[in-house]
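Beneath this line is the structure, given in structure tokens, with notes to follow.
Naming: A, B, ... by sequence-line order, numbering from 1 per chain.
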Amino acid sequence: MANRDLTAHVKRIGSQDKIATGILTAIVAVVMALVVAIIAYIIVRGGGRALTPGFLTNTPTDDILPGIVYQLWDSFYLLLVTLVISVPISLGAAIFLVEYAPDNWITSAASTAIETLSSLPSIVVGMFGSLFFVVTLGWGISILAGACALTMFNIPILVRTIQQALEDVPRSQRDAALAMGLTRWETTLNVLLPAAMPAIVTGIVISAGRVFGEAAALIFTAGSAPARLNFANPFNFASPTCPFNIFRPACSLAVYIWRLTSEPTEGSTEIVWGTACVLIVCVLLFNLLARVLGKFLARRLTAE
Amino acid sequence: MTDQTNSNEALLTTRNVTVTYDLTHEALHPTDLSFKGGEVTALIGPSGCGKSTFLRCLNLMNREIPKCRIGGEIFYHGRNINTKSENLFELRKSIGMVFQQPTPFRKSIRENILFAPKKHGRLHGKDDEDELVETSLKQAALWDEVKDKLKQSAHALSGGQQQRLCIARTLAMKPDVVLYDEPCSALDPISTFTIEETIRSIADSGAGICQIIVTHNMEQAGRVSDRTAFFYMGDMVETGTTQQIFSAPKDQRLSDYLTGRFG
Amino acid sequence: MAKLMPKRRLENIGLGITGACVALVAIVVIALIFMVAQQGLTTFFVDGIDPIEFLTGQHWIPEQDTYGALPMIVGSFAVTLLSTLFALPIAIGSAMFVVEVAPGFGKRVFQPFIELLVGIPSVVYGVLGLYIINSLMRSIFGEAAGTGAGILSGAIVLAVMILPTITTLSIDALRAVPNQYREGSYALGCTRWQTIWHVVLKSALPSLMTAVILGMTRAFGETLAVQMVIGGVERSMPSGLLDPASTLTAALTAGLSNATSGSVYYHALWSLGLILLAMSLVFILIIHLIGKKGAKDNG
């Protein structure tokens, strides 16, 4: 009797196991199908417009085929300015937290501050930027204010990846350098950073992808009105049409999409999908670049 | 137990040195030892006995561990170095250290040797550099194996070669004390033998370098050292010439350890 | 020979430079908290709006100087909880599959795949929601769905957005369970499912909870995607899941461009920002508490 019970039990848990595995497999299949569907849909839906000659190079006010050349430029320029500001600060902060951080309340307060920053909604960051960078510091609605807002959004991500990369360098490397009478500063610059470089570069490129698509923090800091740029005269830095002027308003691809959906105009749907397609392709390229670059640097490092 | 050697001759002397972790846990009880130039001293004992902890006091490496305190006095050339104002960077130029795992930097063999001397501003021109590379590699018995590939990555070397490179790198700083923290525990017997020969040849070279080696391998202590100190549970139990320690141990714990009752 | 800087000075310079970076970040965060609090509290201390009424008022009509934030608070919590509810089983299920059933496939294929979802910008999710989910809602629920914009659409879009966050963190949580636990369970003759359910999930619970909270933090603070699909109705309380509504973030985005700086409306918007800020601090606190409890439980 007891024996029969046991056989039944084994059978029951056996089929339970099979059913569970089946369900899990189905879930994973659905998730992967979802990812493919989302990306494929955007590319198919917007690809036609994105590939139409002129879409990438025309101005938004073009009568025949409104394009996104200003937004494309502004997106990359904003990204560049953001990285120029955020990478050094993040590097410094991460080095401090990993290498110098004295074990006291100041350090733990600082890491709590960075953690807070990472969980803040980006609109709150944008709101703060619209008052602090735009009004208090008097920069106006500008690329610089936008880049600073994006920096606040980017710093926690970067600090965490750089911290991780530095911590992954074996302790013994650090000890060996310190035991030769070198400073932590020299140790970090000459021994730890080179060893951590592949992971750091990958982290920076991945964060660049995130920054590239961020819009909420930008609307009230860099503006949402498409700028008019004059590429023919790029070095008149004070002019509001100068592409390199960091004190002029700018509208990135993501902000442009938001603006077109909230204030639709005749034919804006097609532009939205075309722009979304361009945005997605850029982000995917960042993703790919991160992987390739990381692998390449790691290989060069071990080979040399 | 106090070592009876005259402290005037000793290069390095510790008096009542203790180590506490987390402000409460005393990992090393008061320890008095002295070390002379040209001698090899082995620190032996079962794992966790405090021998490595003691070694890491001698170049104040324990200060790099958070919440770790070194107590007592450490006299180096007659001057107490366990003070707040001690210049760690100057000190570690003359007290070198070789670690358990080989730790070559991700640089070429040549750059591994020149890196620290360069940063300390010791080198004057390429001839100076070439000479330093050659002499240090020769001292570490590595020159013949690597002289044709100095530009190659140090990571391409075998484990034993990497460890000898680390010794060469340490010697390039022209230290008068070299600390070895279980330098052979990650190596095969043949590499171990080469490292031991290297240590002996440095001792016999007449350069007057004081070498201190932590090992859990009693045979190794017997092969390389002139003097031996036995640690047990955070106490320095017994010290003397290596011959004395191995042939006529006084303390029961030491003779139990030597006969393999525990280990 | 280059003249070298004394080591101690060099070390102090390093300490100074890196310390300044950390200090800068800390100061900006403090400035942010201070500024949001100062602007947000003006509503109550200068403009004379009763904070209790602000938090419990059911109507947000700036033209009539009626500022009740409850519709947005309810909206934010509704989309956050619903989206977590949708995403959680899928995320944990995928994590189980990836860690316990097919680890090789998980590392090489599934994780890079799901990371693609993280990279998709939030406006693009908004566009998808606006054109696909909303019309889907219309075709499923017909008249009842109105334009299709509403809490349910918002929650579905958010669920997709927080899916990668929860999945990735859950994968890490399950991977961190020591293999001996599994081997011990298999050695007792347990099936894989029993091992997962009774052993792995149980010991990974604190980290899984952290994963969920981080997902909720993201959902709560998500701005444009929600704003584009939820309908943006702040005037009164939503009465059902298909009703157009608004969230704190959506109301902020829509309102900030219209409000003149210094007006009561402007300050009231900052008060919404203050609520958002307070909530993200609460989420951090919860994560810390879970972490502390987990550390205590593990000895």
Side-chain angles (χ1 to χ4, degrees), chain A residues 94-111 162-163 165-202 293-304, chain B residues 22-23 55-56 58-68 87-108 111-122 151-156 162-163 165-166 169-173 175 178-181 186:
Chain A
I95 291 173
F96 181 86
L97 290 176
V98 178
E99 298 302 325
Y100 287 103
D103 208 1
N104 62 19
W105 67 271
I106 298 178
T107 309
S108 71
S111 37
I162 299 173
Q163 243 180 314
L166 287 175
E167 275 164 10
D168 284 348
V169 179
R171 255 214 93 73
S172 55
Q173 291 271 319
R174 178 172 316 150
D175 282 353
L178 291 179
M180 291 196 291
L182 299 177
T183 57
R184 279 171 189 273
W185 185 240
E186 289 165 320
T187 306
T188 307
L189 291 192
N190 297 290
V191 178
L192 303 181
L193 278 186
M197 205 39 89
I200 293 178
V201 170
T202 309
L293 215 56
K295 275 211 183 104
F296 170 76
L297 284 176
R299 195 174 310 140
R300 225 193 61 182
L301 199 68
T302 40
E304 87 192 355
Chain B
D22 290 336
L23 308 176
L55 188 79
R56 291 172 62 94
L58 300 177
N59 61 348
L60 302 179
M61 272 306 273
N62 279 333
R63 290 223 184 137
E64 307 300 337
I65 301 172
K67 290 188 184 167
C68 179
N87 188 334
L88 292 177
F89 311 114
E90 286 300 316
L91 178 74
R92 289 175 188 163
K93 280 204 277 194
S94 38
I95 304 184
M97 188 168 205
V98 175
F99 294 83
Q100 195 165 358
Q101 294 286 335
T103 53
F105 300 132
R106 292 185 180 277
K107 299 172 187 293
S108 69
E111 277 307 307
N112 257 285
I113 292 186
L114 294 177
F115 174 53
K118 264 186 192 164
K119 289 287 166 196
H120 286 293
R122 284 203 176 157
K151 292 263 159 71
Q152 285 180 22
S153 167
H155 280 250
Q162 288 187 5
Q163 194 64 302
L165 176 64
C166 291
R169 191 172 73 180
T170 308
L171 293 174
M173 295 292 296
V178 179
L179 313 172
Y180 301 88
D181 190 356

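- Atom CZ of B:Arg92 and atom CG of A:Leu178 lie 6.0 Å apart (nearest 0.5 Å).
- Note that CE of A:Met180 and CZ of B:Phe105 are 4.0 Å apart. Values are rounded to the nearest 0.5 Å.
- In this structure, chain A has a heavy atom under 4.5 Å from the side chain of B:Arg56, while its backbone stays farther away.
- Between the side chain of B:Lys119 and the main chain of A:Thr187, no donor-acceptor pair closer than 3.5 Å is present.
- Of all non-hydrogen atoms in A:Gly181 and B:His120, the two that sit nearest each other are O-CE1, 3.0 Å.
- Of the atoms belonging to B:Phe99, it is side-chain heavy atoms, and not backbone ones, that fall under 4.5 Å from chain A.
- Smallest separation of non-hydrogen atoms from A:Ala179 and B:Met97: CB-CB, 4.0 Å.
- How far CZ of A:Arg184 is from CD of B:Glu64: 4.5 Å, rounded to the nearest 0.5 Å.
- There is no contact between B:Leu91 and chain A, counting heavy-atom distances below 4.5 Å.
- Between chain A and the residues B:Arg169, B:Gln100, B:Lys93, the most heavy-atom pairs under 4.5 angstrom are made by B:Arg169.
- Residue contact with chain A, scored on non-hydrogen atoms closer than 4.5 Å, is absent for B:Pro102.
- Here B:Phe115 contributes atom CZ and A:Leu182 contributes atom CG; the two are 5.0 Å apart, rounded to the nearest 0.5 Å.
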